Amino acid sequence: TVQMLRRTSVVKEVVRCASLREKAGSIPASVYEPVFHDPREFPEHEQLNIRLQGYDYVPLESFQGLVHRLCNRFGFNVVDSYAVAPQTEKVVSYKPNSTLVDQEIALFQYDRVVRISSVPAPRLQLLTNILRAHTPVGVKVTVKSHVKADEDYRYIPDLLLKQKQAELKMLDDPVIRKNLGWE
């Protein structure tokens with residue numbers, strides 16, 4: 001019972017303290033430290049693409065996650081983070097002192113992009129230094145301004161759809177329509 005009394009007295013003390021804090025209200029931070037306004041203005045980059053390229057999928061995917069988290073931690077607005085279809089390159093090795101093909105190897109170059117916006121110039125320098133220090137072996141990092149061509153590069157063209165669109169445009173030709181017997 002002594003422990004019960006101690007617990008109830010502790011609970012009453014905690015409740016009383018909490019109510020005192022509520023009565024006091026919040027104290028502004030400027031009471032303890034003065035507020036300094038920074039008059040400097042830094043240029044901001046509107047949209048930047050951080051492009052990651054490499055032949056090994058796993059480190060590239062892991063590094064993209066690290067870049068995304070770093071951008072969030074720096075307070076940048078991550079607009080988009082996506083993968084681009086891999087590009088295939090064929091490498092041919094020849095037998096020694098001959099023109100006979102020994103091996104044909106298909107290499108896939110994987111591509112990831114993290115698009116960020118509202119990036120102050122001083123913070124961008126810090127981010128690029130951190131990325132340079134932590135880039136895995138075999139990964140190439142490129143930071144550049146976003147352009148319309150980067151958006152077009154992202155999508156895989158549908159060749160069949162383009163072929164059918166060309167056929168439909170041909171049907172608008174009066175000579176072809178006459179040969180088909182439509183006119």
Side-chain angles (χ1 to χ4, degrees), residues 26 28-30 32-94 101 103-173 176:
S26 63
S30 60
Y32 297 109
E33 291 187 21
V35 177
F36 293 107
H37 297 285
D38 192 4
R40 298 178 294 178
E41 290 185 20
F42 299 108
E44 279 195 358
H45 300 281
E46 289 186 22
Q47 279 195 348
L48 294 174
N49 285 348
I50 302 173
R51 186 173 177 189
L52 313 170
Q53 295 175 309
Y55 292 103
D56 198 0
Y57 176 80
V58 176
L60 186 69
E61 193 74 17
S62 174
F63 190 58
Q64 180 192 11
L66 174 72
V67 170
H68 194 109
R69 287 190 305 274
L70 275 174
C71 291
N72 284 335
R73 186 157 296 174
F74 268 86
F76 303 150
N77 181 20
V78 178
V79 176
D80 207 357
S81 182
Y82 56 89
V84 178
Q87 295 179 355
T88 306
E89 297 177 15
K90 287 190 178 181
V91 177
V92 178
S93 66
Y94 297 99
V101 175
Q103 289 181 340
E104 257 189 53
I105 302 169
L107 292 177
F108 297 99
Q109 184 175 20
Y110 300 101
D111 207 346
R112 302 288 179 268
V113 176
V114 178
R115 185 176 308 141
I116 55 178
S117 66
S118 303
V119 182
R123 287 188 180 182
L124 177 63
Q125 182 65 35
L126 290 172
L127 177 69
T128 55
N129 287 340
I130 290 173
L131 291 180
R132 189 178 314 142
H134 291 85
T135 303
V137 175
V139 174
K140 179 182 167 188
V141 179
T142 307
V143 180
K144 66 178 205 116
S145 296
H146 176 70
V147 292
K148 177 78 169 100
D150 294 331
E151 189 68 28
D152 296 338
Y153 175 73
R154 175 180 180 179
Y155 299 107
I156 301 171
D158 189 356
L159 300 177
L160 182 62
L161 178 66
K162 290 189 181 219
Q163 179 186 5
K164 295 298 180 186
Q165 287 174 345
E167 286 179 21
L168 283 173
K169 284 183 183 178
M170 284 178 21
L171 293 177
D172 288 339
D173 188 14
I176 293 176

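For reference, positions follow the sequence shown, starting with 1. None of these values were measured; they are calculated from a predicted model.
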Original post:
With no hydrogens and no angle check, is any side-chain donor or acceptor of Thr135 less than 3.5 Å from a backbone partner on Leu131?
Top reply: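 A pair under 3.5 Å: yes.
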At what distance, to the nearest 0.5 angstrom, does [atom1] of [X] lie from [atom2] of [Y]?
X      : Y      : atom1 : atom2 : result
Asp56  : Phe63  : CG    : CZ    : 14.0 Å
His146 : Glu46  : NE2   : CD    : 11.0 Å
Ile116 : Phe74  : CD1   : CZ    : 10.0 Å
Asp111 : Lys140 : CG    : NZ    : 9.5 Å
Leu160 : Gln165 : CG    : CD    : 10.0 Å
Leu126 : Leu124 : CG    : CG    : 9.0 Å

Residue pair Ile50, Leu127: steps toward the side-chain contact (heavy atoms from CB on, under 4.5 Å) verdict: CA-CA 11 Å; Ile50 302 173; Leu127 177 69; 4.0 Å; yes
Hey, mind stepping through Ser145 and Leu48 against side-chain contact (heavy atoms from CB on, under 4.5 Å) and telling me if it holds?
CA-CA 4 Å; Ser145 296; Leu48 294 174; 4.0 Å; yes
Are there more than 12 heavy atoms of other residues, nucleotides or ligands under 6.0 Å from atom [atom1] of [X]?
X      : atom1 : answer
Glu167 : CD    : yes
Phe42  : CZ    : yes
Tyr82  : OH    : yes

### Query
Less than 4.5 Å apart, any side-chain heavy atom of His45 and any of Phe76?
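When only atoms from C-beta onward are counted, Phe76 and His45 do not touch, as no gap falls below 4.5 Å.
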task = Find out whether Arg132 and Val141 are in side-chain contact, i.e. whether some heavy atom of one side chain is under 4.5 Å from a heavy atom of the other.
result =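 Arg132 vs Val141: side chains apart.
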Quiz prompt | Minimal non-hydrogen separation, Ser118 against Glu44, with atom names | solution =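 Smallest heavy-atom distance, with atoms named: CA-OE1, 3.8 Å.
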*asked:* When you compare the side chains of Gln53 and Thr142, does any donor N or O come within less than 3.5 Å of an acceptor on the partner?
replied: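 Not at all, the side chains of Gln53 and Thr142 share no donor-acceptor pair under 3.5 Å.
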**Q.** Among Lys144, Arg51, Arg115, side-chain hydrogen bond (donor to acceptor under 3.5 Å, both in side chains) partner for Asp150
**A.**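 Looking at Lys144, Arg51, Arg115, the match for Asp150 under the side-chain hydrogen bond (donor to acceptor under 3.5 Å, both in side chains) is Lys144.
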For the side-chain contact (heavy atoms from CB on, under 4.5 Å) test, which of Val78, Val79, Val119 pairs with Cys71?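 The option that passes is Val78.
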